[in-house]
Amino acid sequence: MSATAAPRATRWGLAAALCATLFAALTALVAARHGSPYGIDENVHRWSVGNRPAVAVALARGVTATGTGPVPYLCAVTAGLIAGWGRGTRGRLLMAAGALGFLLLAQGMRYAVLNSVARPRPPVADRVTHASGFSFPSGHTSTSALVAGLLAWAVWRAASPAAARLWWVLFACWAVTVGLTRVYLGVHWPTDVLGGWLYALTWLTAALAVEARVGLDQKPPAGIE
């Protein structure tokens, strides 16, 4: 590891530790009440149920659909292919496999947490989209945040700094919006969504720390616009 990579690895490692600590604390708070919602959960949920014009619900359903199914996994593969720009066919395929494997591993661990906490979802009568299984952490939220992070990592490696910053904002807005739709559509409590964001940030920052530690965080010689 180079002298410049060591500080980056340390910074990302500290960020991962902070995110993991916050996620663990939130998980403990949720488990302590056996999944019962907190006051802020109930207040935001009540507002969401009471403010649902048909157009807003339709838009929310469309956005929330991008956080599950094949879309996130196709985006992960795409991120790997973009990140492997300039590495040849074999290099790009390896990067794609690594990105997909990262997402699958994070998803597997999320299911372990999900079933351990076993938090019930909001009442069925308040939901305006299909949802099944337990509630914490939100699957759509964590999945979209993980994928947004992978895409941001990819464009950082392959695009110019100005283009990368623009894409970062777009990816972040998408991930945040997906999380918010889960509350608005009545299928998650706000703390489920917060847990999903913290969970994803823990994995992303930990991955960046490992990447810096092994010296793989250098951009290729040439970028793309």
Side-chain angles (χ1 to χ4, degrees), residues 15-45 48-49 60-61 63-77 97-150 174-207 209-210:
L18 175 61
C19 291
T21 299
L22 292 173
F23 177 70
L26 181 59
T27 302
L29 288 171
V30 170
R33 290 171 63 92
H34 304 289
S36 297
Y38 281 85
I40 189 172
D41 287 320
E42 294 177 324
N43 291 337
V44 175
H45 178 76
S48 298
V49 172
R61 285 172 174 164
V63 172
T64 211
T66 63
T68 190
V71 172
Y73 299 95
L74 291 173
C75 286
V77 171
L100 181 60
F102 169 80
L103 180 59
L104 289 171
L105 180 60
Q107 294 287 61
M109 294 300 295
R110 179 180 63 80
Y111 276 108
V113 175
L114 189 78
N115 290 304
S116 295
V117 177
R119 187 184 204 183
R121 290 181 182 270
V124 175
D126 294 340
R127 306 177 197 173
V128 287
T129 193
H130 173 73
S132 60
F134 295 120
S135 194
F136 181 91
S138 167
H140 284 64
T141 301
S142 56
T143 302
S144 59
L146 285 164
V147 171
L150 285 171
W174 167 64
V176 169
T177 304
V178 170
L180 295 178
T181 63
R182 304 308 288 166
V183 177
Y184 187 68
L185 295 171
V187 292
H188 278 290
W189 304 110
T191 43
D192 298 333
V193 171
L194 178 58
W197 286 331
L198 289 173
Y199 179 81
L201 285 172
T202 298
W203 276 84
L204 291 169
T205 50
V210 171

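Start at 1 with the first residue, then count along the sequence.
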*Rounded to the nearest 0.5 Å, what separation is found between the CZ atom of Arg33 and the CZ atom of Arg119?*
8.5 Å

*Specify the closest pair of heavy atoms between Leu103 and Pro72, including all atoms of both residues, with the distance to one decimal.*
CD2-O, 3.8 Å

*Of all heavy-atom pairs between Gly67 and Val178, which one has the smallest distance, and what is that distance?*
CA-CG1, 4.2 Å

*Check Ala145 against Ala200 and note the closest heavy-atom contact, atom names and distance.*
CB-CB, 3.5 Å

*Which pairs with one or both residues in residues 64-77 pass side-chain hydrogen bond (donor to acceptor under 3.5 Å, both in side chains), sequence neighbours excluded?*
Thr64-Thr181, Thr64-Arg182, Thr66-Trp174, Tyr73-Gln107

*Indicate yes or no: at least one non-hydrogen side-chain atom of Val49 is less than 4.5 angstrom from one of His45.*
yes

*Got more than 12 heavy atoms from elsewhere within 6.0 Å of CD1, Ile40?*
no

*How many angstroms lie between OG1 in Thr141 and CG in Leu194, if you round to the nearest 0.5 Å?*
10.0 Å

*asked:* Using the side chain to side chain donor-acceptor pair (under 3.5 Å) criterion, which residues pair with Trp203? Sequence neighbours excluded.
replied: Tyr199

_With a 4.5 Å cut-off on side-chain heavy atoms, are Val176 and Trp197 touching?_
yes

Please output the side-chain donor-acceptor pairs of residues 19-32 that fall under 3.5 Å, not counting sequence neighbours, one pair per line with the distance.
from  : atom 1 : to    : atom 2 : distance (Å)
Thr21 : OG1    : Ala17 : O      : 2.8
Thr27 : OG1    : Phe23 : O      : 2.8

*What are the two closest heavy atoms between Ala99 and Ala76, and how far apart are they?*
CB-O, 3.3 Å

_Nearest-0.5 Å distance that lies between atom CG in Leu104 and atom CG in Leu146_ = 11.0 Å

*Hey, does the side chain of Asp192 reach the backbone of Trp189 with a donor-acceptor pair shorter than 3.5 angstrom?*
yes

*Taking everything shown except Tyr111 itself, do over 12 heavy atoms lie less than 6.0 Å from its OH?*
no

*What is the distance from atom CG of Leu201 to atom OG of Ser142, rounded to the nearest 0.5 Å?*
11.0 Å

*Counting distance only, does the side-chain N/O of Arg110 pair as donor-acceptor with the main-chain N or O of Thr143 below 3.5 Å?*
no

*If you take all heavy atoms of Thr205 and Ala16, which pair is closest and at what distance?*
OG1-CA, 3.1 Å

_Nearest 0.5 angstrom please: Leu150 CG to Phe102 CZ, how far?_
5.5 Å

*Quick one: pull up CG in Leu185 and CG in Leu180 and give me the separation to the nearest 0.5 Å.*
10.5 Å

*Indicate the atoms forming the closest heavy-atom contact of Pro120 with Ser135, along with that distance.*
O-CB, 3.6 Å

